[in-house]
Amino acid sequence: MQRLFLRNEIHGTVHLYGGQQAVAVGDCSALLDDDWVAATYQGHGAALARGMPPEALAAELMGRSTGACGGRAGSMNIVDLEHGLIGCFGIVGGSIAAATGAGMSAAREGRVAVAFFGDGAANQGYFHECLNFAQVMRLPVVYVCENNGYGEFTPTDAVTAGGDIAARAATLGMPAQKVDGNDLEAVSAAARAAVANTRAASGPAFIEAMTYRHVGHSKSDPGAYRPEGELDKWLERDPLSVVRARLDEKQAAEAERVVEERIERAVETALAAPYPEAAMTRAREYAP
Ligand SMILES: Cc1ncc(C[n+]2csc(CCOP(=O)(O)OP(=O)(O)O)c2C)c(N)n1
Ligand SMILES: [Mg+2]
């Protein structure tokens with residue numbers, strides 16, 4: 001997606017998920033098909049982990065008509081109800097509110113709703129209001145904070161009183177875990193515990209996944225605020241390397257071959273797809 005952006009195939013901006021993949025994959029691995037997920041403007045990982053075909057994601061990022069939302073949502077606002085993705089949100093903390101709302105119907109239907117959100121959202125009003133509401137109403141929502149150490153250009157520590165986001169959820173009385181967000185197995189184990197507890201007891205749970213984004217927040221952010229050496233330190237513990245180390249060479253090479261081919265195919269298909277019709281034509285069709 002980085003290369004496609006540089007080739008002008010992605011219009012506007014894109015918020016890359018690189019470095020945080022284990023959070024979406026690990027958490028979604030604990031869910032059933034009927035469960036709901038709301039994610040952020042970087043929700044591409046969650047979309048794929050829920051089962052969105054890579055073709056539909058690639059085409060959506062490139063604004064093509066074969067995209068998950070017909071090319072009209074773009075990179076930030078993807079929705080795919082068929083795969084339980086109720087939305088990706090450009091509004092910081094929007095996913096928290098959406099998943100809490102979904103939790104109200106999920107409670108009646110035996111489902112679970114998951115909110116992925118960044119550390120930046122932990123200082124938004126939504127966070128406090130929704131977590132309190134979910135705990136009081138015993139809603140089956142799992143809140144997953146992707147703490148990558150920065151909210152856009154701002155170090156999280158500098159703007160987060162008390163410093164411990166999971167502790168905020170714990171004071172409300174919900175089970176709260178802090179987990180190595182770059183370790184797929186650790187995230188998956190935490191998610192299984194949280195989801196099982198939530199499904200059985202119909203009350204919320206909280207996971208704070210400690211992770212790092214490899215690039216700036218969006219394409220207008222070169223990430224220059226990061227101290228020298230910090231990225232290198234995290235690259236040594238990249239979630240893909242952590243997983244790779246647990247596979248033997250043959251398994252790893254085979255997995256890489258399959259994934260690379262799948263991505264190539266998705267991108268080629270998306271590039272060959274047309275753009276949607278002009279917006280005004282469609283707007284007229286929908287006019288009363
Ligand atoms: C309600 C709202 N306020 C402000 C913004 C502008 N904004 C976009 S991203 C961001 C920081 C969010 O922090 P985090 O979720 O940690 O994002 P990260 O930089 O890790 O991607 C802000 C303040 C916004 N999109 N929505
Ligand atoms: Mg962040």
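Every number for a ligand or one of its atoms is a count from 1 in the order of the listing.
- In summary, Glu152 places no N/O/S atom under 2.8 Å from the Mg ion (ligand 2), failing the contact criterion.
- Proximity of Met210 to Asp180: side-chain heavy atoms (C-beta onward) are nowhere separated by under 4.5 Å.
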**Asked** So Tyr41 and Phe89, ring-ring contact (aromatic ring centres under 6.0 Å, His included) or not? Walk me through it.
**Response** CA-CA 5 Å; Tyr41 34 79; Phe89 294 83; over 10 Å; no
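- Among the heteroatoms counted here (N, O or S) of Asp119, OD1 is the one nearest to the Mg ion (ligand 2).
- Considering only non-hydrogen atoms, atom 16 (O) of ligand 1 lies nearest to Gly120 out of Gly120, Gly90, Gly94.
- Under 4.0 Å is where a charged nitrogen must lie from a carboxylate oxygen, and between Glu9 and Arg3 no such pair does.
- Note that the CD atom of Glu55 and the CD atom of Glu268 stand 10.5 Å from one another [nearest 0.5 Å].
- Of all protein heavy atoms, the one closest to atom 24 (C) of ligand 1 is Val92 CG2, 3.4 Å.
- Per-residue contacts place Tyr150 under 4.0 angstrom from the following atoms of ligand 1 (heavy atoms of the residue considered): 16 (O), 18 (P), 19 (O), 20 (O).
- For atom 13 (O) of ligand 1, the closest non-hydrogen atom on the protein side is Gly151 CA, 3.2 Å.
- Closest protein heavy atom to atom 23 (C) of ligand 1: Glu152 OE1, 3.7 Å.
- A salt bridge links Arg257 with Glu254; the closest basic N to acidic carboxylate O contact falls under 4.0 Å.
- Of the candidates Tyr126, Tyr41, Phe116, it is Tyr41 that places a heavy atom closest to atom 15 (O) of ligand 1.
- Contact annotation for Arg213 and ligand 1: only side-chain heavy atoms (C-beta onward) come within less than 4.0 Å of the ligand.
- At a 4.0 Å heavy-atom cut-off, ligand 1 touches Asn148 through the side chain alone.
- At a threshold of 4.0 Å, the pair Lys178-Asp164 counts as salt-bridged, since one of the basic side-chain nitrogens sits closer than that to a carboxylate oxygen.
- For Glu249, the CD atom counts as loosely surrounded, since its 6.0 Å shell holds 12 or fewer non-hydrogen atoms of other residues, nucleotides or ligands.
- In the candidate list Gln42, His217, Glu146, Gln124, His217 is nearest to atom 9 (S) of ligand 1, counting heavy atoms.
- Geometrically, ligand 1 and Ile91 share no nitrogen or oxygen pair separated by less than 3.5 Å.
- In terms of N/O distances under 3.5 Å, ligand 1 is not approached by Ala121.
- Using a 4.0 Å cut-off between charged nitrogen and carboxylate oxygen, Arg213 and Glu146 do not count as a salt-bridge pair.
- With Gln42 as reference, Gln20 is the one residue of Met76, Gln20, His217 to meet the side-chain contact (heavy atoms from CB on, under 4.5 Å) rule.
- Near Gly118, meaning under 4.0 Å from one of its heavy atoms, ligand 1 places the atoms 15 (O), 16 (O).
- Under a 4.0 Å N-O distance rule, the pair Asp35/Arg50 does not qualify as a salt bridge.
- Vertex the Mg ion (ligand 2); arms to Tyr150 atom O and Asn148 atom OD1; angle 80° (nearest 10°).
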